[in-house]
Amino acid sequence: MSALQAALATSEKLVGTEVGVSNWITVDQKMIDDFAKTTHDEQWIHVDPERAAKETPFGGTIAHGFLTLSLASRFAYDCFAMMPGQVMGINYGMNKLRFLKPVVAGSRLRGRFTLQKVTAKSDVNLLRENLLTIEIEGEETPALIAEWLGLAVFED
(Lines give C-alpha, C1' and ligand atoms only; values in the text may rest on other atoms or scores of the structure.)
Protein backbone atom coordinates (compact mmCIF):
# COMPACT_ATOMS: atom_id res chain seq x y z
CA MET A 1 0.00 0.00 0.00
CA SER A 2 1.38 3.41 -0.96
CA ALA A 3 1.70 6.29 1.50
CA LEU A 4 -1.17 8.06 -0.27
CA GLN A 5 -3.40 4.98 -0.06
CA ALA A 6 -2.64 4.64 3.65
CA ALA A 7 -3.40 8.32 4.24
CA LEU A 8 -6.64 8.01 2.28
CA ALA A 9 -7.75 4.98 4.29
CA THR A 10 -6.93 6.71 7.58
CA SER A 11 -8.59 9.97 6.52
CA GLU A 12 -11.77 8.29 5.28
CA LYS A 13 -12.39 7.04 8.83
CA LEU A 14 -12.26 10.66 10.08
CA VAL A 15 -14.79 12.17 7.67
CA GLY A 16 -17.47 13.98 9.66
CA THR A 17 -15.32 14.40 12.75
CA GLU A 18 -13.47 17.34 14.23
CA VAL A 19 -9.81 16.82 13.36
CA GLY A 20 -8.20 19.86 14.97
CA VAL A 21 -8.60 22.92 17.17
CA SER A 22 -5.82 25.50 17.04
CA ASN A 23 -4.27 27.66 19.69
CA TRP A 24 -5.71 31.12 20.28
CA ILE A 25 -4.09 34.12 18.60
CA THR A 26 -4.71 37.78 19.43
CA VAL A 27 -5.59 40.10 16.57
CA ASP A 28 -4.24 43.40 17.86
CA GLN A 29 -4.12 46.84 16.24
CA LYS A 30 -0.52 46.36 15.11
CA MET A 31 -1.47 43.21 13.19
CA ILE A 32 -4.41 45.05 11.60
CA ASP A 33 -2.22 48.05 10.69
CA ASP A 34 0.47 45.81 9.20
CA PHE A 35 -2.12 43.94 7.13
CA ALA A 36 -3.63 47.25 5.96
CA LYS A 37 -0.24 48.45 4.77
CA THR A 38 0.57 45.17 3.06
CA THR A 39 -2.73 45.00 1.19
CA HIS A 40 -3.13 48.75 0.61
CA ASP A 41 -6.53 48.58 2.34
CA GLU A 42 -6.21 51.35 4.90
CA GLN A 43 -9.91 52.09 5.31
CA TRP A 44 -10.50 54.02 8.55
CA ILE A 45 -12.67 51.29 10.13
CA HIS A 46 -9.45 49.25 10.31
CA VAL A 47 -6.76 51.82 11.09
CA ASP A 48 -8.32 54.77 12.94
CA PRO A 49 -9.24 53.62 16.47
CA GLU A 50 -10.62 57.00 17.60
CA ARG A 51 -12.89 57.47 14.60
CA ALA A 52 -13.98 53.82 14.63
CA ALA A 53 -14.91 54.14 18.32
CA LYS A 54 -17.10 57.16 17.56
CA GLU A 55 -18.59 56.28 14.19
CA THR A 56 -19.09 52.50 14.14
CA PRO A 57 -21.24 50.12 16.16
CA PHE A 58 -18.12 48.02 16.92
CA GLY A 59 -16.62 50.24 19.63
CA GLY A 60 -13.29 50.39 17.81
CA THR A 61 -11.46 49.15 14.79
CA ILE A 62 -12.14 45.80 13.19
CA ALA A 63 -9.84 43.39 11.38
CA HIS A 64 -10.14 42.99 7.64
CA GLY A 65 -12.14 39.91 6.72
CA PHE A 66 -9.21 38.75 4.62
CA LEU A 67 -6.87 39.17 7.59
CA THR A 68 -9.10 36.84 9.57
CA LEU A 69 -9.13 34.38 6.67
CA SER A 70 -5.36 34.61 6.22
CA LEU A 71 -4.90 33.26 9.75
CA ALA A 72 -6.29 29.93 8.51
CA SER A 73 -2.78 28.85 7.55
CA ARG A 74 -1.51 29.57 11.06
CA PHE A 75 -4.38 27.60 12.55
CA ALA A 76 -3.69 24.68 10.20
CA TYR A 77 -0.03 24.62 11.32
CA ASP A 78 -1.27 24.21 14.89
CA CYS A 79 -3.52 21.29 13.93
CA PHE A 80 -1.96 19.24 11.15
CA ALA A 81 1.34 17.43 10.89
CA MET A 82 2.67 16.02 7.66
CA MET A 83 1.41 12.50 7.04
CA PRO A 84 3.91 9.68 6.43
CA GLY A 85 5.21 10.04 2.87
CA GLN A 86 3.77 13.53 2.41
CA VAL A 87 6.26 15.98 0.90
CA MET A 88 4.16 19.17 0.97
CA GLY A 89 0.73 20.66 1.42
CA ILE A 90 -0.83 23.14 -1.00
CA ASN A 91 -3.74 25.51 -0.50
CA TYR A 92 -6.25 24.42 -3.15
CA GLY A 93 -8.92 27.07 -2.51
CA MET A 94 -12.36 27.44 -1.03
CA ASN A 95 -15.74 26.08 -2.01
CA LYS A 96 -17.63 28.43 0.28
CA LEU A 97 -16.67 31.32 2.52
CA ARG A 98 -18.86 33.45 4.73
CA PHE A 99 -17.80 36.30 7.03
CA LEU A 100 -20.30 36.13 9.90
CA LYS A 101 -19.05 38.54 12.58
CA PRO A 102 -16.52 41.40 12.58
CA VAL A 103 -13.36 40.84 14.61
CA VAL A 104 -12.77 43.79 16.94
CA ALA A 105 -9.13 44.73 17.55
CA GLY A 106 -7.85 42.89 20.62
CA SER A 107 -10.01 39.80 20.00
CA ARG A 108 -8.62 36.30 20.28
CA LEU A 109 -9.30 33.82 17.48
CA ARG A 110 -8.83 30.12 16.91
CA GLY A 111 -9.58 27.70 14.12
CA ARG A 112 -11.68 24.56 14.37
CA PHE A 113 -11.45 21.98 11.57
CA THR A 114 -13.95 19.25 10.65
CA LEU A 115 -13.00 16.88 7.83
CA GLN A 116 -15.86 16.80 5.31
CA LYS A 117 -14.43 14.87 2.40
CA VAL A 118 -11.23 13.24 1.18
CA THR A 119 -10.43 12.21 -2.40
CA ALA A 120 -7.40 10.77 -4.17
CA LYS A 121 -6.88 13.15 -7.11
CA SER A 122 -3.94 11.17 -8.54
CA ASP A 123 -1.30 8.69 -7.40
CA VAL A 124 0.43 11.46 -5.42
CA ASN A 125 -2.31 14.02 -4.60
CA LEU A 126 -4.86 13.70 -1.81
CA LEU A 127 -7.55 16.40 -1.66
CA ARG A 128 -9.00 17.12 1.78
CA GLU A 129 -12.02 19.36 2.35
CA ASN A 130 -12.33 20.76 5.85
CA LEU A 131 -15.04 22.91 7.31
CA LEU A 132 -13.05 25.69 8.98
CA THR A 133 -14.74 27.71 11.69
CA ILE A 134 -12.78 30.68 13.01
CA GLU A 135 -14.09 31.38 16.49
CA ILE A 136 -13.92 34.62 18.44
CA GLU A 137 -13.25 34.04 22.13
CA GLY A 138 -16.36 34.81 24.17
CA GLU A 139 -18.66 35.12 21.14
CA GLU A 140 -21.33 32.66 20.08
CA THR A 141 -21.19 33.62 16.40
CA PRO A 142 -17.91 32.76 14.66
CA ALA A 143 -15.94 35.28 12.64
CA LEU A 144 -16.18 33.09 9.56
CA ILE A 145 -16.88 29.66 8.18
CA ALA A 146 -15.25 28.23 5.08
CA GLU A 147 -15.03 24.99 3.16
CA TRP A 148 -11.28 24.90 2.71
CA LEU A 149 -9.55 22.59 0.25
CA GLY A 150 -6.04 21.36 0.86
CA LEU A 151 -3.93 19.19 -1.39
CA ALA A 152 -1.53 16.80 0.32
CA VAL A 153 1.25 15.86 -2.09
CA PHE A 154 3.04 12.54 -1.55
CA GLU A 155 6.35 11.20 -2.80
CA ASP A 156 6.08 9.38 -6.11
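Among residue pairs with one or both ends in residues 111-156, those qualifying as ring-ring contact (aromatic ring centres under 6.0 Å, His included) are F80-F113; sequence neighbours excluded. Residue pairs that meet the salt bridge (Lys or Arg N to Asp or Glu O under 4.0 Å) test with at least one member in residues 61-72, sequence neighbours left out, do not exist here. Applying the salt bridge (Lys or Arg N to Asp or Glu O under 4.0 Å) definition to pairs two or more places apart or across chains, none involves residues 145-154. Within the structure, salt bridge (Lys or Arg N to Asp or Glu O under 4.0 Å) pairs that include any residue of residues 1-15 do not occur (at least two apart or interchain). Applying the salt bridge (Lys or Arg N to Asp or Glu O under 4.0 Å) definition to pairs two or more places apart or across chains, those involving residues 73-89 are R74-D78.
You'll find the side chain of M31 reaches within 4.5 Å of the side chain of I25, heavy atoms only. Looking at heavy atoms from C-beta onward, T119 lies out of side-chain contact with L126 at the 4.5 angstrom threshold.
Using modelled atom types, one finds a donor on one side chain and an acceptor on the other under 3.5 Å when comparing E129 with N95.
V87 and L151 fall within a single hydrophobic cluster, where Ile, Leu, Val, Met, Phe, Trp and Tyr side chains are chained together by heavy-atom contacts under 4.5 Å. At a threshold of 4.5 Å between side-chain heavy atoms, the hydrophobic network of Ile, Leu, Val, Met, Phe, Trp and Tyr places V19 and V118 in one connected group.
Partners of E140 under the salt bridge (Lys or Arg N to Asp or Glu O under 4.0 Å) rule, at least two apart in sequence or in another chain, do not exist in this structure. For E50, there are no side chain to side chain donor-acceptor pair (under 3.5 Å) partners, not counting sequence neighbours. Checked against side chain to side chain donor-acceptor pair (under 3.5 Å), Q86 has no partners two or more places apart in sequence or in another chain. Residues that satisfy the salt bridge (Lys or Arg N to Asp or Glu O under 4.0 Å) test with R110, not counting sequence neighbours, are E135. Residues passing the salt bridge (Lys or Arg N to Asp or Glu O under 4.0 Å) test with D34 are K30, sequence neighbours excluded. Under the rule for a side chain to side chain donor-acceptor pair (under 3.5 Å), E42 has no partner lying at least two apart in sequence or in another chain.
Heavy-atom contacts from other residues, nucleotides or ligands closer than 6.0 Å to CZ of F58 number more than 12.
In terms of modelled atom types and a separation under 3.5 Å, the side chain of S22 and the main chain of G111 share a donor-acceptor contact.
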Tabulate below the donor-acceptor pairs under 3.5 Å that side-chain atoms of residues 59-73 make, not counting sequence neighbours, or state none.
from : atom 1 : to  : atom 2 : distance (Å)
T61  : OG1    : Q29 : OE1    : 2.4
H64  : NE2    : D41 : O      : 2.8
T68  : OG1    : H64 : O      : 3.4
S70  : OG     : F66 : O      : 3.4
S70  : OG     : L67 : O      : 2.7

